[in-house]
Amino acid sequence: KLGNPDESITEDVLSISWGASSLDSITQWWQNGFDASVEKDNTTIVAACGNGGDLSDINKPAMGYNLISVGTAGYQVNYDNDFLLVSLVEPDHLESSFGPTLDGRSKPDVVALGVPQPLGITPFDLFIDQPKVYTSYSAPQVAGLAGSLINEARKRGIVNGDNPLVIKSLIINGAVKLPNWHKGTDDPNDDEYYPLDSAQGAGIIDAKNSLAQLVSVQNIIENNIGWDLGTISLDRYEPKSVIIYDLPEPLLAGETLKA
């Protein structure tokens, strides 16, 4: 079905925890197919970016333009005054593949904590078992967030709220930066070219932030935040853009914001 104009993917969200090397030219056709299906079939596609190590490049299909590429955060557990304290830390290049992609684009888009059964695991489990993190476990969490946002948009009747471009933008914009976040690669200074961190993307997902931005479109004048789905040009083949904004002060009825 990938890229086939006569067939469609009917699912709202796809989660992919497998991939191929970014250097593998044979699989480029289905990489293109996944990218095309996001727009053609209105399907949000989430993909694990790879588990670092020898395959440190962002893999296929996670390197796709339209896909949500997901890495894994790390964690530390400290014992302090009879309490176990869990801290999320930046990704490790031996556990999560780093960007940019081979063609120079920022990936991953976001990270999640890639442990099995994330809702049932406790600080004690992390302290005793010290499970290894994998991007295959983090991608389904982001897919679950995407599905929740789509469901909420449809329940509330938010126009374009289930559009994959909007969902991706809300997840990225709602992410929270982990320690040592900065634009670009491992240089301590911000990079002028790359908008995202090469290890953690925009940061770790935050469902509350993304949901707040989704529903804000309904009451922008009251809450001062919102989003809009627009196009860069009148050409229907030009890429669409999603604008998420936070206004500095309330707009009065009939007032125009100049930017």
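- Using a 4.5 Å heavy-atom threshold, the side chains of Leu145 and Ile171 count as touching.
- Heavy-atom minimum distance, Ser136 versus Ser17: O-OG, 2.9 Å.
- Atom OH of Tyr137 and atom OG1 of Thr72 lie 11.0 Å apart (nearest 0.5 Å).
- There is a side-chain donor-acceptor pair under 3.5 Å between Asn173 and Gln213.
- A 4.5 Å side-chain heavy-atom check between Val115 and Tyr75 finds at least one atom pair inside the cut-off.
- Within the 4.5 Å cutoff, the side chain of Thr10 has no heavy atoms near those of the Asp41 side chain.
- No donor-acceptor pair under 3.5 Å is formed between the side chain of Asn160 and the backbone N or O of Asn163.
- Taking CG of Leu214 as the reference point, atom CG of Asn209 lies at 12.5 Å (rounded to 0.5 Å).
- We find that Asp12 and Arg154 are joined by a salt bridge, their nearest charged nitrogen and carboxylate oxygen being less than 4.0 Å apart.
- Here the side chain of Asp197 pairs a donor or acceptor atom with the backbone of His182 at under 3.5 angstrom.
- Glu95 places no side-chain N or O within 3.5 Å of a backbone atom of Val133 that could act as its donor or acceptor partner.
- The main-chain N or O of Leu94 is found under 3.5 Å from a side-chain atom of Asp92 such that the two form a donor-acceptor pair.
- With a 4.5 Å cut-off on side-chain heavy atoms, Asn51 and Ser96 do not count as touching.
- Shown here for Ser210 and Gly174, the closest heavy-atom pair between the two residues is OG-CA, 3.8 Å.
- Within the 4.5 Å cutoff, the side chain of Leu178 has no heavy atoms near those of the Val89 side chain.
- Here the CG-OG distance, from Asn59 to Ser22, works out to 7.5 Å after rounding to the nearest 0.5 Å.
- The hydrophobic cluster containing Val176 does not contain Trp181, counting ILVMFWY residues as joined when their side-chain heavy atoms lie under 4.5 angstrom apart, directly or transitively.
- Residues Ser106 and Ser198 are not in side-chain contact: their nearest non-hydrogen atoms beyond the backbone lie 4.5 Å or more apart.
- Note on Ile172: it does not cluster hydrophobically with Tyr193, by side-chain heavy-atom contacts below 4.5 Å among ILVMFWY residues.
- Side-chain N/O atoms of Thr101 and Asp103 include a donor and acceptor closer than 3.5 Å.
- In terms of modelled atom types and a separation under 3.5 Å, the side chain of Thr135 and the main chain of Ala48 share no donor-acceptor contact.
- Under the 3.5 Å distance criterion, the side-chain polar atoms of Asp35 are matched with a main-chain donor or acceptor of Tyr65.
- Residues Asp24 and Ala20 approach most closely at OD2-CB, 4.1 Å, considering heavy atoms.
- Residue Leu67 holds its CG atom at 12.0 Å from CD1 of Ile58, rounded to the nearest 0.5 Å.
- The two atoms that bring Gly99 and Pro108 nearest to each other are N-CD, 4.2 Å, heavy atoms only.
- Atom CD1 in Ile205 sits 13.0 Å away from atom CG in Leu170 (nearest 0.5 Å).
- No path of Ile, Leu, Val, Met, Phe, Trp and Tyr side chains, each step under 4.5 Å between heavy atoms, connects Ile204 with Leu196, placing them in separate hydrophobic clusters.
- Heavy-atom minimum distance, Met63 versus Gln31: CG-OE1, 3.1 Å.
- Taking CD1 of Ile45 as the reference point, atom CD of Glu11 lies at 10.0 Å (rounded to 0.5 Å).
- Remark: side-chain polar atoms of Gln141 are paired, donor with acceptor, to backbone N or O of Leu113 under 3.5 angstrom.
- The nearest pair of heavy atoms linking Gly52 to Ser97 is N-OG, 3.1 Å.
- Within the 3.5 Å criterion, the main-chain N or O of Ser69 finds a donor-acceptor partner in the side chain of Asp109.
- Put simply, the side chain of Leu14 does not reach to within 4.5 Å of the side chain of Thr44, judged on heavy atoms.
- Phe98 is listed as a side-chain neighbour of Pro91, based on a closest heavy-atom distance under 4.5 Å.
- With hydrophobic clusters built from ILVMFWY side chains whose heavy atoms lie under 4.5 angstrom apart, Tyr194 does not share a cluster with Val110.
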